[in-house]
Number of protein chains: 2
Amino acid sequence: MPGTNLDFPARLRAAGLRPTRQRVALARLLFEGGHRHVTAESLHVEVKTAQMPVSLATVYNALNQFRDAGLLREVVVAPGRSYFDTNTGHHHHFFVEPDGALHDFPSDKVTIAGLPAPPKGTRLSRVDVIVRVRR
Amino acid sequence: MPGTNLDFPARLRAAGLRPTRQRVALARLLFEGGHRHVTAESLHVEVKTAQMPVSLATVYNALNQFRDAGLLREVVVAPGRSYFDTNTGHHHHFFVEPDGALHDFPSDKVTIAGLPAPPKGTRLSRVDVIVRVRR
DNA sequence: TGCAGTCTTTAGAATTGTTCTAAAATTCTT
DNA sequence: AAGAATTTTAGAACAATTCTAAAGACTGCA
């Protein structure tokens with residue numbers, strides 16, 4: 001991704017987070033390659049495999065902090081499990097039903113027309129489109 | 001709702017479910033009035049209040065069976081909690097963010113254009129649109 | 001109607017995903 | 001390097017849901 005800052009300590013600091021060893025390691029795994037989807041559990045396995053043990057609680061803390069800081073977006077598609085998406089831009093998701101795989105698709109080409117106005121007293125926050133598919 | 005069958009034992013039987021006392025009681029609460037959204041917990045409170053005690057496990061069983069039988073639709077909008085919707089027709093949802101309230105809106109007027117084709121090897125199952133709003 | 005056979009309910013235990021706690025370790029400022 | 005503030009951690013706690021196995025209810029058939 002051109003223009004992406006690979007200096008993770010700096011990026012974390014810019015987001016108001018101390019660049020601890022653990023957070024830098026997780027940020028590297030999350031943001032070094034292309035966009036990805038992880039769960040706390042999957043990221044925990046990954047970071048352990050990468051010889052960089054980080055406790056599960058820290059993985060949860062970091063994911064929540066990264067999300068709050070706008071570095072990640074939380075995607076709710078399946079009951080009882082939260083996915084986090086490194087793509088924070090406008091886009092939507094395919095969700096492959098039995099296996100739980102998630103794929104992004106850009107929202108450029110997608111147009112949604114005829115949405116009703118938000119209930120009064122509320123303002124629009126986000127529109128999520130989840131295209132559920134089966135094998 | 002005109003045309004709706006209020007003979008719950010018959011409806012359950014038609015869905016391949018034995019019309020037990022508990023299932024009939026739950027079906028009555030769910031389908032007697034207009035469309036509704038419930039969680040297992042909320043329905044459990046309701047059925048207890050209605051002097052018709054049904055164990056929480058049975059509420060979970062019934063909701064899952066009703067969903068599998070096509071009488072209910074499961075809606076995933078918030079992490080760690082499943083909503084069930086008595087409206088099984090084509091429609092989408094408003095989700096009011098801090099309080100967790102859900103509102104249906106019909107999909108008649110809504111058009112979604114430009115969706116990409118499903119990943120190969122998969123076929124479309126459903127498109128969910130969740131309009132998240134905040135107070 | 002009575003009875004066997006099958007399915008359902010139930011309370012409580014178990015499981016799963018996530019958050020909390022309080023002590024130890026790390027990071028930041030000086 | 002010292003002190004203050006934040007973070008990490010293991011394990012406990014928690015919340016939502018599912019499982020277990022014993023007791024109860026529904027069904028079909030005599």
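B:S82 comes within contact range of the sugar-phosphate backbone alone, with a heavy-atom separation under 4.0 Å but no base atom that close. A:P79 comes within 4.0 angstrom of no nucleic acid atom, judged by non-hydrogen atoms across all strands. At the heavy-atom level, B:P9 lies nowhere under 4.0 Å from the strands shown.
No chain of hydrophobic side-chain contacts below 4.5 Å, direct or via other Ile, Leu, Val, Met, Phe, Trp or Tyr residues, connects A:V133 to A:V77.
Between the CG atom of B:D68 and the C1' atom of C:dT8 there is a distance of 16 Å, rounded to whole Å. Distance, B:E74 CD to D:dT18 P: 8 Å, rounded to whole Å. Atom OH of B:Y60 and atom P of C:dT15 are 18 Å apart (whole Å). Between the P atom of C:dT8 and the CG atom of B:L12 lies a distance of 11 Å, rounded to the nearest Å. Between A:L26 atom CG and D:dT9 atom C1' there is a gap of 14 Å when expressed in whole angstrom units. Between A:Q65 atom CD and C:dT18 atom P the separation is 16 Å, expressed in whole Å. Distance B:L56 CG to D:dT17 C1': 8 Å, rounded to the nearest Å. Rounded to whole Å, atom P of C:dT18 lies 9 Å from atom CG of A:L63.
The side chain of A:A40 sits closest to C:dT18 out of C:dT18, D:dA10, C:dT8. Distances from the side chain of A:S55 to the nucleotides D:dT9, D:dT7, D:dC26 place D:dT9 closest. Of the candidate nucleotides D:dC26, C:dC28, D:dT8, D:dC26 has the atom nearest to the side chain of B:R18. Looking at the side chain of A:R23, the nearest of the listed nucleotides D:dA10, D:dT8, C:dT9 is D:dT8. The B:R81 side chain lies nearest to D:dA16 when the options are D:dT27, C:dT8, D:dA16. Of the listed nucleotides (D:dT8, C:dT9, C:dC7), D:dT8 has the atom at the smallest distance from the side chain of A:T20. Each of D:dT18, D:dT9, C:dT27 was ranked by its minimum atom distance to the side chain of B:N64; first place goes to D:dT18. In the set D:dC26, D:dT9, C:dT18, D:dT9 carries the atom at the smallest distance from any side-chain atom of A:N61. Side-chain proximity of A:R13 to the nucleotides C:dT19, C:dC28, D:dT18 is greatest for C:dC28.
Note on A:R21: a side-chain N or O is less than 4.0 Å away from OP1 or OP2 of C:dT26.
Contact check for B:R23 versus B:R18: side-chain heavy atoms found under the 4.5 Å cut-off. B:V131 has its side chain out of reach of B:H92: every pair of non-hydrogen atoms, C-beta onward, lies at least 4.5 Å apart.
A salt bridge links B:R73 to B:D128: at least one charged side-chain nitrogen sits closer than 4.0 Å to a carboxylate oxygen. By the 4.0 Å N-to-carboxylate-O rule, A:R135 lies close enough to A:D99 to be salt-bridged with it.
Relative ring orientation between B:F31 and B:F66 is described as tilted, the plane-to-plane angle lying within the 30° to 60° band.
Residue-to-nucleotide proximity on DNA chain C shows that, of A:Q22 and B:T58, the 5′-proximal contact is made by B:T58. Between B:T39 and A:L17, the residue whose closest nucleotide on DNA chain D is further toward the 5' end is A:L17.
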